[in-house]
Each structure stands twice: as C-alpha cells, then as structure tokens.
Amino acid sequence: MDMEKIVALCKRRGFIYPSSEIYGGLNGFWDYGPLGVELKRNIKEAWWRDMVLDPPPGPDGEELQMVGLDCAIIMNPKVWEASGHVAGFVDWMTECHTCKRRYRADKVYLVALVPEREAASYQSAPPGAMPKPTVVLAYQSDDPQEARKLFDEEYARLVKKQKLSRGLTVLTIVTVQQAPPHWSRPCPEPGCTGELTEPRKFNLMFRTFVGAAEDDSAVAYLRPETAQGIFVNFVNVLGTTRVKLPFGIAQIGKAFRNEINPRHFTFRSREFEQMEIEFFCHPHESAKWYRYWRDVRIRWYMQLGIRSERLRPREQGPEELAHYSCGTTDIEYLFPFADEPQELEGVAHRGDYDLRQHQLYSGKDLTYFDEDAWERDKHQLGFTSFRDWLKTNPPPEQVAQYQFLPHVIEPSAGVDRFALAAICEAYAEDTVSGEPRTVLRFHPRLAPIKAAVFPLVNRDGMPEKAYALYRELKREFVVFYDDKGAIGRRYRRQDEAGTPFCITIDSQTMQDDTVTLRTRDDCQQIRLPIRAVADELRRRLTPER
RNA sequence: GCGGGUGUAGCUCAGCUGGUAGAGCACCACGUUGCCAACGUGGUUGUCGCGGGUUCGAAUCCCGUCACCCGCUCCA
C-alpha cells in the first residue's frame, strides 16, 4: 500500500484537502472535508468521553477525577520563556556543503589545534579576533568531554599515520555555534572532507503581534503545545473545582509549530490539534500513575480498531529523553510512508518540572497543600494551624509531606496523527463477488457516517418509507440517504466512506415492515423490524469496556 | 535544506520531433432493470499547477515559481 492512494482517497471522498488549494495550497497545512471533520470529531469525542467523562478506574480500582479546560492559543509570552520553548525552539542548524548532512549547531564540537609554542599568543589575542587555528577537527557529540575523547582517539591514529604533527596542542573545544565565523568548520562525518555552513536559526514557534504596535514589546507566540495552558491554570482549577490529588486536567486544541520540513501528508503539519492530559499526583505515586496512563492509552487505541502489529509502544531510552522528563513512552504506529513506527502519542513523566518553572518565572506559589494528610497528622504534631507549625522550622522533607509541587504524567496525543493512522489502518482493497472494492474498515465509533438508508428501487412507496426512516435516525446518528443508481453502487460508495451499516427498504418492507441491515466488512445482510433499527445501531455503536 | 518524480475534465490517465485538447470512469436527463461498482440513448465538464520567455503559433521547448509524492536531512 502506498501513500498516494490514501492521499487520493482522502481528497476524492472529502476527508482531507490541501489547505487553500485554489491558491496553490500552503506547505504544511491541510483542511478537513465533510467526512474528515466527522472522523476528527469522533476521535475527539471518544477521547473526551473515555478519558475525561468516564475514564477507566485507577490502579487500585478508584474513580478518577478528571476536569476539562479550554485555553487561549495566544498566552503571555513569559509562559514560553518559563517552559523553555523560547530558548528550546531556537535551533541553530548547520549543513555540510559537500555531503548535505545537517546538524544541530550545538551538537557539533570543533577541536582547534595550534602548534604548542604558539598557543600562548593565540590565547592572548582579543576575543573575536583570534586567528584561524592551524587544524580544526569536528565531532558530533552531546558534550565536550565526549568530543575530547573522540578527538584523543583520532589524534593518536593520525599521529601514528604521520598525518598530523605530534607538536600540536588543543587550543579550545567549542561548538560550531560558538566558533568564530571565520574558522574552518569541517564536516564531522568520517570520510567527508566538506565544510559546514555558518549556523542558521530555525525558530519553531510562530510569532505574531498583539495590538496595533508591531514592536518587540508586542511579540506573542501561537502555542506550540496545549500543555502549558493547563500548567498556568493549575491553581485556578484547584481553587474553583474542589479537586484533590490525584486528578487530571484535559484539553483539546490547536497547536502550531513552524516545522522546517513538513512531510508525509498530515503527519507533520504546521498547524495541528492535540488531546492532552496533565495528570497531577503525589511524587511518591508518580511511577504508578505513569504505568497506569501508558497502559490505558495503549488500550484505547486498540479498542478503537488499531489492533494490528503496526501499533507499538516504545519506552524511550535515557539518551533521548527530553530535559524535563524522567520517563516517556511513545505510542507509535507504522505508517505506510515510513520504515520505522512513528509517534502518535507520548506518555511522559514530567516530574514537577513545569510547575517548578512556572513558579520560578511567575513568582506565584504553585504548591499543593494536602489537607487530608494535614488533618490526619496535625493532632499528633500538636498543632491545628499549618502556618503555626511552619514557624517551628520543621525539616523541609517533613513539610513536603503536606505542601509540595505535584508530579505530572502527561499523555499527549495528536488528533490528526490518529486520524491519519485510523485511515491507514482502515484502508483495504478486497474482492466482493469477483469485483475489486476499496473499503475503509473504521471502527464503528470512528466512522464518519454510521449508517446509510436506501430504497431498493424508486417506486411503490419505498423512497417515502426509506426517507422517513432516515429522518428518524438522523436525530440520533450521522446517517446518509441515497436513492441514486444501482444498489450495488450505493453499497460500494458507502464502503469507500467507511460507513459500517446500510439499511435497505425493499418490497418486503412494504408488506411486513422489516428491512435489511448490511454490514460493511462481510457484506452480509440480516433482516429486522424497521422499529428495531435504532436500537440495533445503538447497540452496535456502544463502546466495549 | 538537497536530490529524483509528478502536476491535462470530479477521478485515473493519453496527447510523438510545437499546429487551436482526448479516452475510460464519474456526473445529469429519459427509458429499461431490481440486493453488491447494470444496460441503452442523449448531455455537461478544462485559463493543460502558476508566472514569464522563445515562436506566426506552446499542454508540448526554455527560465522561474508553487504544491504533492519518493529518497536523504531534520523532527526542542
């Protein structure tokens, strides 16, 4: 199966169009058509129902407390300074002129070598005017110690082969980003003799201006993730909803990243929609909740029909963890466009990083006071007021039993990525009565259209009867009425849209008020009373637990 | 960001070394038929991705540009 077929089907059937297509489109942006918008709505509604309104019981069988939130896309820019995005979203990149490989400019170290006896004169030169070193060697590395190690090994080899003089000494080790622009910047790829470009800056946050003045004081950003809106409202939610730890705050909303290179249909878009939970818990219980959410989220995808081997949870290794995270599981799906599974969702153990950062930058107290624990222990401690007890200067670890920054587990899912995975997973070509067909085998909960209603032929009162059934059903379900063309063609059209059920009114209906219910996946029909249709659909569309 | 490919009707595509754009499917109407992409007859559909150039004349040749697909690269 190739991606082009899926892209073509998505456009032909009205799932996904290129954004602003009549003007030539815009790289990294996509529009959802009539079927696509229903698919996305079903994904979001399933998530909200299954995670917020009625989440599975906790690790010890307890009810979960979950509340919702809907934050502004544009927030005070200090939010992004605190979160690290203003700094973190500014990546300096450099590229090899020869082999065209690209590197983060802070991840390539240059080792500058000069003759030993000249080292002193180099070092006394004014900064910025330091002459070009005699030799520069480059290493791709996360830190200077590792780069030094790599250099030492290679230097020994080069000296042995008499490629370099033994009389050279290391003047300095700097990243490509820090190096003076006139220095040589060799490509770190072994065997490549090319030179790297001067580092260029790629800011992944979209900038805009708030108000009339377009100056630096008015700069704001379109949020690159919905999560920070939850953290900055943590105290508001605590103060207005009577939730107690552990509890979760959920949000669905758009986020924006000015990706260097959008690719793979909607997979890496510059505008996308996220479904995120920040689940706040006691630090001692965070590991338990991390495992809980990881398992709940994997099960959720499987319950919605992503059952194949293409779904894969992957625990991130310590070297790829983001700076704030002490554990992350990527839930990945093997899309047809890639050799390796790609991330649908990340379940991250973020510790107290975010609340700590916002507490630091805002100067506001974001700690949680555990009233239950205090009520339990206060008599034993001989106090009624926590404040009075604090005045006795108890040890910090004891205070932290009652007042602390909660830890956070963050299941963060991409709506558009799941929609794309659902389409790829559902796409199938098979044969019915010797004729090939294209069918989308969506889980019924995700299917944009739940059922189609057809009169077998357009006479003898069948259209009237069919239309009346359609009108009744559409009060409760997304249903589609079609009386055009041969019945087989109408079935196939619905197969391509992923409609799980088709109901046909035929001449027998006119006699005994029974209809046929045809299922998409096996093309089998059953007969049932017309009055029982709504109940039957409801039964077949109810989520399994 | 680099390299390769593609861009012509709603869809799939044909259109040679330049000569005023076609097929199948779809769609609409009428008739026939009646449970898995039916048949007959008739009909609608195009700034040939966009912009420029060469030419008497460009879908076709040249330059530029945009978008998508594939491979690298990248993905805090």
Side-chain angles (χ1 to χ4, degrees), chain A residues 2-14 16-30 80 83-104 106-107 189 197 200 202-205 224-225 257-270 320-325 330 336-339 342-343 346 430-439 454-460 462 484-496 502-509 515-520 522-525 527:
Chain A
D2 61 281
M3 212 52 207
E4 258 176 279
K5 274 186 175 172
I6 287 178
V7 174
L9 175 70
C10 282
K11 186 175 169 196
R12 185 170 73 246
R13 298 313 309 240
I16 299 168
Y17 311 124
S19 169
S20 45
E21 191 186 11
I22 62 169
Y23 290 102
L26 187 61
N27 197 334
F29 298 90
W30 299 90
W80 307 112
S83 70
H85 286 86
V86 170
F89 265 79
V90 180
D91 284 346
W92 291 83
M93 307 295 299
T94 182
E95 180 178 305
C96 175
H97 284 295
T98 307
C99 71
K100 301 299 180 190
R101 284 185 179 82
R102 284 178 72 180
Y103 307 91
R104 292 242 324 247
D106 59 346
K107 293 283 170 75
E189 177 69 14
T197 60
R200 285 173 290 171
F202 295 91
N203 191 333
L204 292 181
M205 276 201 295
E225 62 175 30
R257 297 181 193 180
N258 200 0
E259 297 286 354
I260 299 164
N261 186 7
R263 261 304 175 82
H264 298 139
F265 200 24
T266 56
F267 182 81
R268 177 163 293 118
S269 297
R270 289 179 165 135
E320 59 180 323
L321 286 178
H323 54 291
Y324 50 75
S325 178
D330 284 343
F337 55 72
D339 299 331
Q342 305 286 315
E343 181 181 352
D430 63 9
T431 307
V432 174
S433 316
E435 293 288 330
R437 73 162 177 171
T438 301
V439 55
F454 309 143
L456 182 60
V457 291
N458 285 310
R459 62 158 191 255
D460 303 336
M462 291 181 211
K484 293 285 195 299
I487 190 73
R489 183 182 303 283
R490 283 180 264 166
Y491 286 141
R492 294 303 165 83
R493 268 199 286 258
Q494 294 306 314
D495 290 340
E496 231 183 28
C502 292
I503 299 145
T504 301
I505 276 63
D506 56 17
S507 52
Q508 191 179 331
T509 314
V515 298
T516 62
L517 181 80
R518 178 260 196 190
T519 48
R520 174 196 64 202
D522 58 11
C523 299
Q524 297 299 304
Q525 288 178 317
R527 235 186 148 83

Applying a 4.0 Å non-hydrogen cut-off, can you work out what [X] is touching in the nucleic acid: base, sugar-phosphate, or nothing?
X	value
A:S507	nothing
A:G14	nothing
A:R263	base
A:D506	base
A:E343	nothing
A:F265	sugar-phosphate
A:R459	base
A:E496	base

Worksheet item: So, does A:R270 use its side chain to make a donor-acceptor pair with the main chain of A:E259 at under 3.5 Å?
Response: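 Yes; at least one donor-acceptor contact below 3.5 Å.
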Discussion item. With a 3.5 Å distance limit and no angle check, can you tell me whether A:D460 reaches the backbone of A:M462 through a side-chain donor-acceptor pair?
Written reply: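 Not at all, since once roles are kept as given, no pair shorter than 3.5 Å links the two residues.
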Output the single nucleotide from [options] whose closest atom is nearest the side chain of [X].
X	options	result
A:A8	B:rC35, B:rA76, B:rU12	B:rU12
A:Q525	B:rC11, B:rG3, B:rC35	B:rC35
A:W30	B:rC68, B:rU12, B:rC35	B:rC68
A:H85	B:rG3, B:rC27, B:rA76	B:rA76
A:K484	B:rC11, B:rC28, B:rC35	B:rC28
A:Y491	B:rA38, B:rG71, B:rC36	B:rC36
A:R493	B:rC70, B:rC11, B:rC27	B:rC27
A:N27	B:rC11, B:rA67, B:rC35	B:rA67

Whole angstrom value for the distance that separates [atom2] of [N] from [atom1] of [X]:
X	N	atom1	atom2	result
A:E259	B:rG1	CD	C1'	14 Å
A:H264	B:rA67	NE2	C1'	16 Å
A:I6	B:rC68	CD1	P	17 Å
A:L9	B:rA26	CG	P	17 Å
A:R12	B:rA9	CZ	C1'	16 Å

Worksheet item: Should A:R489 be listed as having a side-chain N or O under 4.0 Å from OP1 or OP2 of B:rA38?
Response: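 Answer yes for this pair, as a side-chain N or O of A:R489 is under 4.0 Å from OP1 or OP2.
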Worksheet item: Can a side chain N or O of A:R490 be found less than 4.0 Å away from OP1 or OP2 on B:rA38?
Response: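 The answer is no; no side-chain N or O of A:R490 sits under 4.0 Å from OP1 or OP2.
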Distance between the [atom1] atoms of [N] and [M], in whole angstroms?
N	M	atom1	answer
B:rC25	B:rA38	C1'	14 Å
B:rC63	B:rG18	P	16 Å
B:rU8	B:rG24	C1'	15 Å
B:rU45	B:rA29	C1'	16 Å

Worksheet item: Quick one: are the ring centres of A:F337 and A:F265 less than 6.0 Å apart?
Response: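 A:F337 vs A:F265: aromatic centres not under 6.0 Å.
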Worksheet entry | A:R13 (side chain) and B:rG10 (base): donor-acceptor pair under 3.5 Å |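 Side chain to base: no pair below 3.5 Å.
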Discussion item. Please determine whether a side-chain nitrogen of the Lys or Arg among A:D495 and A:R490 lies less than 4.0 Å from a carboxylate oxygen of the Asp or Glu.
Written reply: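 Between A:R490 and A:D495 there is no salt bridge, as every charged N stays at least 4.0 Å from the carboxylate O atoms.
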Fill in: Considering all heavy atoms, the nearest A:P336-A:I6 contact
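In this case the closest contact between A:P336 and A:I6 is CG-CD1, 4.2 Å.
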Fill in: Intra- and interstrand pairs of RNA chain B - dot-bracket, Watson-Crick/G-U under 3.5 Å, | marks other strand
(((((((..((((.....[..)))).(((((.......))))).....(((((..]....))))))))))))....
Practice prompt. List the steps, then state whether salt bridge (Lys or Arg N to Asp or Glu O under 4.0 Å) holds for A:R12 with A:E496.
Written response: CA-CA 10 Å; A:R12 185 170 73 246; A:E496 231 183 28; 2.8 Å; yes
Worksheet entry | Nearest-nucleotide 5' precedence on RNA chain B, A:V457 against A:P18 |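 Its nearest nucleotide being more 5', the pick is A:V457.
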